[in-house]
There are 2 protein chains.
Amino acid sequence: MTEQPKHQNSSETPPHERTLKRAISDADKDLRRNEILAAAKRVFSSKGFHSTTIADIAKDANLSYGSIYWYFDSKDALFHELMAVEEQALKDYIYAARKDATTRPDQSFQAAVQATFEFFEADKALVKLLFRDSYALGDRFEAHLFRIYEGFIGDIEAVVTHYQEKGEIIDAPPHLVAFSIAALITEFAHRRLETDDGLPASVVADFVIKLLLEGLLPRRKDRSGGQ
Amino acid sequence: MTEQPKHQNSSETPPHERTLKRAISDADKDLRRNEILAAAKRVFSSKGFHSTTIADIAKDANLSYGSIYWYFDSKDALFHELMAVEEQALKDYIYAARKDATTRPDQSFQAAVQATFEFFEADKALVKLLFRDSYALGDRFEAHLFRIYEGFIGDIEAVVTHYQEKGEIIDAPPHLVAFSIAALITEFAHRRLETDDGLPASVVADFVIKLLLEGLLPRRKDRSGGQ
DNA sequence: CTATGCTGACTGATACGTCAATCTATTAGG
DNA sequence: CCTAATAGATTGACGTATCAGTCAGCATAG
């Protein structure tokens, strides 16, 4: 048993022109972290959680394998962070959309639904991975996803209760109503990821909202929707 | 290098009372196949796809590792078969429920929705695995699941078109309507797998149908639902 | 010179699928 | 009716591959 050195990068020309600037300052480190997150986003999106390896991410980020572990504790931790980042991004996007549609409250709601569709479509694969597939990744991510989902349902429920108090919508159990709305939105959003039905987000958003508000049974013309 | 025999179950008492009857006849082989499927069902349910190993299934089925491969080509093939079997079981269950509710057509629909909830609840973990999580398992299962889902939507769409022709529901795009119905059903069904809201299936089914039919906006009393 | 960002070979563990050996129910032969 | 041969069902160790995470060492900014 001869002791042999583990590293021998002698007697060879450097394989690539590795011109990696070291991240020294906190700002640089944040930047590198974000580069890794961006790489992870790309790779996870295209290959799914189980099929992407840390090596894949490292390669995409132009970093070595070990460096990933310098910035993140584990593959799971990296994925959790992605979930959190994207959740925030979605919230921000929706918030901005609702703020733009200040004219009428129900328009604000329509804007939120539409914004959700748009957000999903902007980043199809990743959103699918984070907001659906991660259910299947076991308890570790399921809890996180569930928390995210509950948050959105809570937001919707607040809106529902608000309108119920004003008597503008019927007195169905608000949580069930909120869940139904969320269900339709997420399912439609995911549906649109798989099959491109060619419909613009606004049309689908309109359809969903009209269906929820008016129902399938014909209505007498005499009563219109608004307040 | 001494040739050593690979098996030496000599000089030992048989570890278990292995009283495995060989499956010779076609009927026996079918039986064994089904035993394996049942074992796979149990193990997959409790551990998820990636965490269950062929060894787990073999153990649960009281068979050796290799025998699984005598009956199935691969882990994937086994899982695909489970999907197919359960899809058929769900269809049968719904069909039976609708047949029982022959009194009125809309009752038949309510029965179908309720039956779906019941079916999901009877086998929570497995159904969740097969009808949701397998999306995340990569293209191989995604296509299969998608096909199943499309089949159900097609069935619903037929019902929707039927009622539209009779003028009993509004003239919204039938495919979108069918998809919405499917979306609400599946999301509620899955929801009920995770959080036990304590509501009986019939109540939830009623809620879903009423929401879809009547919508959230208040209706004038003067027009009732049925024909 | 030193702290630390960075590297990538290595370890250990896991698990799929294969296969030669073994076993047994059935059949063929005496 | 009994025994040997055959088919094919069953077994589990092995080959092979994959990967998450570690770590000893390298390199560079300050």
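Chain letters run A, B, ... following the sequence lines, proteins first and then strands; every chain starts at 1.
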Option from B/Phe120, B/Phe117, B/Tyr135 for which ring pair (Phe, Tyr, Trp, His ring centres under 6.0 Å) with B/His190 holds = B/Phe120

Identify, residue by residue, the members of residues 22-56 of chain A with a heavy atom below 4.0 Å from DNA chain D, and return them in order of residue number, or none.
-> A/Arg22, A/Thr52, A/Thr53, A/Ile54

Would you indicate what B/Phe72 reaches in the nucleic acid, counting non-hydrogen atoms under 4.0 angstrom: base, sugar-phosphate, or nothing?
-> nothing

Integer-rounded Å distance: D/dA9 C1' and B/Asn62 CG | 16 Å

Of the candidate nucleotides C/dG17, D/dT11, C/dG8, which contains the atom at the shortest distance from the side chain of B/Tyr69?
-> C/dG17

Charged N-O contact under 4.0 Å between A/Arg191 and A/Glu187 | no

Any donor-acceptor pair under 3.5 Å linking the side chain of B/Thr186 with the backbone of B/Ala183?
-> yes

Just how far, in rounded Å, is P of D/dC19 from CZ of A/Phe79?
-> 17 Å

Taking everything shown except A/Phe146 itself, do over 12 heavy atoms lie less than 6.0 Å from its CZ?
-> yes

Atom pair distance, as rounded to whole Å: CH2 in A/Trp70 and P in D/dA24 | 15 Å

Over how many whole Å does the gap from A/Lys21 atom NZ to D/dT28 atom C1' extend?
-> 11 Å

Is B/Ser134 reaching over with its side chain to a backbone N or O of B/Leu137, donor-acceptor style, under 3.5 angstrom?
-> no

Does a nitrogen or oxygen in the side chain of A/Ser67 sit under 4.0 Å from OP1 or OP2 of C/dC6?
-> no

Ranking D/dA13, C/dC6, C/dA9 by distance to the side chain of B/Tyr65, first place goes to D/dA13

Given atom NZ of B/Lys75 and atom P of C/dG17, what is their separation to the nearest angstrom?
-> 8 Å

For residues 51-58 of chain A, run the donor-acceptor check on the side chains, cut-off 3.5 Å, and write out each pair with its distance to 0.1 Å, sequence neighbours left out.
residue: A/Thr52; atom: OG1; partner: A/Phe49; partner atom: O; Å: 3.4
residue: A/Thr53; atom: OG1; partner: A/Ala55; partner atom: N; Å: 3.3
residue: A/Thr53; atom: OG1; partner: A/Asp56; partner atom: N; Å: 3.0
residue: A/Thr53; atom: OG1; partner: A/Asp56; partner atom: OD2; Å: 3.2
residue: A/Asp56; atom: OD2; partner: A/Lys47; partner atom: NZ; Å: 3.0
residue: A/Asp56; atom: OD2; partner: A/Thr53; partner atom: N; Å: 3.0

Shortest side-chain distance from B/Tyr71, nucleotide among C/dT4, D/dT10, C/dT7 | D/dT10

